[in-house]
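Okay, so here's the structure we're looking at.
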Protein chains: 2
Amino acid sequence: MNTEIEKLKQARDEFVAQWGALGTQWGINRTMAQIHALLMTAPESLTTDEVMEELEISRGNAHSNIKELVAWGLIRSVVKKGERREFFEAEKDVWQIFTIVARERKRREIDPALAILNRCAEESEGIATPEGKAFHAQMRSLEDFVSFASKMSDRISLMKHGFALQMAAKLLG
Amino acid sequence: MNTEIEKLKQARDEFVAQWGALGTQWGINRTMAQIHALLMTAPESLTTDEVMEELEISRGNAHSNIKELVAWGLIRSVVKKGERREFFEAEKDVWQIFTIVARERKRREIDPALAILNRCAEESEGIATPEGKAFHAQMRSLEDFVSFASKMSDRISLMKHGFALQMAAKLLG
DNA sequence: CTGATTTTTCAGTATTTACTGAAAACCGTG
DNA sequence: CACGGTTTTCAGTAAATACTGAAAAATCAG
């Protein structure tokens, strides 16, 4: 039945478009999120040209965002025998996706924050005025908390999906 | 000793500047992050004019970012008797800050994602082709995972700081 | 080595987001 | 209800970010 194929195409197009819009909120650019959505729901791996055509974007744009997704580890290139072009496919396992995103966010958001907090804490160490003590204490408590959250995130990412789930179930129960 | 006061000012200025730069990564605008940093490390609550002067920004800019921070719940206005102007002070408790940020991120990032995933899953329900089944399954597994993560986040935010810490300690131990 | 195909780069441009400054609205006081 | 201080709005502008398209570089088969 042809309508089924159309319904699927429609649902998928919507997913790609909306996921792209969401990407903006997440601090990821729209195109990158769209390509990710497209590849996550592609039955077969795609070439750069196919991505360009599907999303109606330029070669340069497709290229740089594909590279970025590869750098994140959210997609990978696959070689097909007898094919000179590169094909790309997405990581589809949700737990994998989660750990990749968590790792990247940690690198870009948590680690730099820790560096700043630590430096400001050091610089204000031993200042004897009440303001100095308060500032130092504030830096340390922020640092402690962020460092702690960072370690938690690492731990969880290293777990196997099943184990994390089981543990969380206990927490939610 | 005057150098101590200077050292503190220097450390604090650095914190404000760097925290602002970090804000960009977090998808928060620089000024908003700077005002937050400034107020988090202010011994006393500040007026809009003081914020403007300290960060060398316009009134409009100060105003709108202060309002945004109030909307998040990261700062609040305080009234001083005999003063007509509004003063602002930041929430300083790290656990509070964490839960506020978690709540806001959930609202802006998680909830819309869930809505999309759920809709696309519904729309592709019952399509009999292999591609249709695969798409539907992918939507559902993403939805399940995100919904689960969302519930976890709620649970943790509702905990008292001490309890969350204790639980996490067990996890890290 | 040559020529065809594919990937990469990047200057120029478009779009989005943030900021300024001044005018308008608001608000308490006399 | 008029006045001075204070907050809010917003049109215009500046800055940051993303995208295009074409040229250059790389890759590979013959």
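The chains referred to below are lettered A, B, ... by the order of the sequence lines, with proteins before strands, and numbering in each begins at 1.
The 5' end of DNA chain C is approached more closely, in terms of each residue's nearest nucleotide, by A:D49 than by the other of A:R30 and A:D49. In terms of position along DNA chain C, the nucleotide closest to A:R59 lies nearer the 5' end than the nucleotide closest to the other residue of the pair A:T24 and A:R59.
A salt bridge is absent between B:E122 and B:R119: the closest approach of a Lys/Arg side-chain nitrogen to an acidic carboxylate oxygen does not fall below 4.0 angstrom. Under a 4.0 Å N-O distance rule, the pair A:E131/B:K9 does not qualify as a salt bridge.
Put simply, CD1 on B:I35 and CG on B:L55 are 6.0 Å apart, with the number rounded to the nearest 0.5 Å.
Between B:H136 and B:S124, the closest heavy-atom pair is ND1-OG, 3.2 Å.
Two residues are said to be in side-chain contact when any heavy atoms from C-beta on lie closer than 4.5 Å; B:T48 and B:E86 fail this criterion.
Checking D:dT6, C:dC19, D:dC19 against the side-chain heavy atoms of B:R85 singles out D:dT6 as nearest. Proximity note for A:K67 (side chain, C-beta onward) versus C:dT7, D:dT20, C:dT8: the nearest is C:dT8. For A:E86, taking side-chain heavy atoms from C-beta onward, the closest of the listed nucleotides C:dA18, C:dT7, C:dT20 is C:dT7.
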From CA spacing to verdict: side-chain contact (heavy atoms from CB on, under 4.5 Å), B:E91, B:R76: CA-CA 8 Å; B:E91 171 61 61; B:R76 57 186 149 265; 3.5 Å; yes

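Side-chain N/O atoms of B:N29 include one lying less than 4.0 angstrom from OP1 or OP2 on C:dC19. The side chain of B:H63 contributes no N or O atom lying less than 4.0 Å from OP1 or OP2 of D:dT7. For the OP1/OP2 pair of C:dC19 and a distance below 4.0 Å, the side-chain nitrogens and oxygens of B:T31 include at least one atom meeting the criterion.
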Quick test: give all pairs of protein nitrogen or oxygen and nucleotides 27-30 of chain D nitrogen or oxygen below 3.5 Å, distance rounded to 0.1 Å.
residue	atom	partner	partner atom	Å
D:dT27	O2	A:R84	NH2	2.5

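Paired runs in DNA chain D that reach 3 or more consecutive Watson-Crick or G-U pairs, where each pair keeps both distances under 3.5 Å, cover C:1-30 with D:1-30.
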